[in-house]
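Written out below as structure tokens is the structure these notes cover.
These numbers were taken from a predicted model, which means no experiment stands behind them. Along the sequence shown, the residues carry numbers beginning at 1. Quick note: numbers below take in every heavy atom, side chains included, and nothing from hydrogens, waters or symmetry partners. Order of appearance sets the numbers: ligands from 1, and atoms from 1 within every ligand.
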Amino acid sequence: MKYKFTAETCDYMPFEAKPEGYDRPIWRYSKNPIIKRNPLKGVARIFNSALVPYNGEFIGVFRVEDETSLPHLRLAHSKDGIHFTVEEENINFVDEEGKPYNPYYAYDPRLVKIEDEYFIIWCTEFYGPAIGLAKTKDFKTFVRLENPFLPFNRNGVLFPRKINGEYKMLSRISDNGHTKFGDIFLSSSKDLKYWGCHRHVMESGGSGWWQSLKIGGGPAPIETEVGWLMIYHGVILNCNGFVYSMGVAILDKDEPSKVLYRAKYYVMTPEEDYETVGFVPNVVFPCSTLIDKEGHIAIYYGAADTYVALAFTTIDELVDFAINNHEGVGRDRDLGR
Ligand code: BMA
């Protein structure tokens with residue numbers, strides 16, 4: 001292992017070695033997709049979902065679309081990180097007084113452990129799409145906090161620890177439709193209620209086209225000795241619509257609004273049938289990672305807004321890729337205010 005990292009590790013996560021002769025930094029699970037169409041009665045699709053290790057198994061917060069196509073969040077349980085039992089009811093959120101506080105729709109969950117609590121961040125209905133935030137300790141009671149930001153906003157991602165005493169959240173300004181623009185921003189909070197010190201992190205663009213339209217955070221960033229390793233999505237608009245790929249960047253450890261390295265090339269783009277054909281073709285959308293103590297990474301990503309798929313890499317592969325293919329874009333290296 002070349003680069004040291006600090007993260008909660010999981011020694012029972014799924015992993016496959018890089019196939020012989022393969023020269024890309026991320027390789028797909030040989031039996032993808034792990035969740036197929038119509039996985040449960042009344043459920044048309046599950047995709048863009050997140051999970052964490054919990055009590056020697058895995059627990060996930062899954063984006064579930066029923067036969068009205070409205071997305072909701074449900075818990076899922078797994079012993080091996082590949083076969084999941086999805087609960088039959090949507091997560092029941094309450095507010096801080098214990099009263100019901102359920103979103104009309106909820107999608108693209110991220111699930112992040114900070115100290116002894118688990119946080120769900122998702123895109124919620126708040127007079128348009130905005131960020132929803134809830135916490136749980138036991139995956140039984142889910143307390144919804146105040147919505148952190150004004151609409152319209154998507155792709156809220158919490159860092160897995162406080163930085164300089166403050167919670168940090170990435171987000172991506174949106175419109176109320178299928179946003180055709182968008183950079184990644186960072187906001188800070190001491191109490192998860194009042195957010196401020198907003199900073200610009202990364203802009204869409206670069207000399208290539210794959211991330212020219214918009215970008216958005218993915219799984220919780222991973223702390224390495226070089227900086228925060230961030231897997232994100234980048235989007236191009238071509239004559240058939242949007243194409244979502246995965247990219248990699250490294251953010252400054254103490255001032256994560258400064259981008260230290262950002263790979264010019266995507267690390268994964270839709271290629272397999274389950275990524276190029278589906279409800280929305282040509283989408284790979286990373287939401288979650290697992291890491292073991294050797295620095296192996298399992299990436300859970302949504303494929304074609306239809307499936308959950310799994311891919312593998314390592315900390316070393318991604319850090320080297322970001323450094324060796326770095327391209328400075330705009331004012332990414334600035335503090336961003
Ligand atoms: C985005 C989000 C994602 C989705 C992607 C592609 O705006 O809605 O949930 O995967 O579009 O359709």
Problem - Electrostatic pair Lys2-Asp320, nearest N-O below 4.0 angstrom - result: yes
Fill in the blank from the handout: heavy-atom search around atom 8 (O) of ligand 1 in the protein gives Tyr107 CE1, 3.8 Å
Exercise for the section: State whether Arg74 and Glu87 are salt-bridged, where the test is any N-O pair (Lys NZ or Arg NE/NH1/NH2 against Asp/Glu carboxylate O) under 4.0 Å. Expected result: no
Handout entry: Carboxylate-amine/guanidinium proximity below 4.0 Å for Glu317 and Lys18
Key = yes
Exercise for the section: Compare Tyr244, Phe279, Tyr301 and give the one whose heavy atom is closest to atom 1 (C) of ligand 1. Expected result: Tyr244
Fill in the blank from the handout: Heavy-atom proximity to atom 10 (O) of ligand 1, picking from Val283, Asn155, Asp305, points to Asp305
Handout entry: Arg63: numbered ligand 1 atoms lying under 4.0 Å from its heavy atoms
Key = 9 (O)
Handout entry: Charged N-O contact under 4.0 Å between Arg63 and Asp108
Key = yes
Handout entry: Part of Thr179 with heavy atoms under 4.0 Å of ligand 1, whether side chain, backbone, both or neither
Key = neither
Handout entry: Cationic N near anionic O, under 4.0 Å, Arg28 to Glu275
Key = yes
Exercise for the section: May I ask you to check whether His178 has an N/O atom sitting below 3.5 Å from an N/O atom of ligand 1? Expected result: no
Handout entry: Ligand-residue contact atoms, ligand 1 with Asp108, heavy atoms, under 4.0 Å
Key = 2 (C), 3 (C), 9 (O)
Practice task
Please determine if Lys214 has a nitrogen or oxygen closer than 3.5 Å to a nitrogen or oxygen of ligand 1.
Solution key: no
Practice task
Indicate yes or no: does Arg161 engage Glu223 in a salt bridge with an N to O separation below 4.0 Å.
Solution key: yes
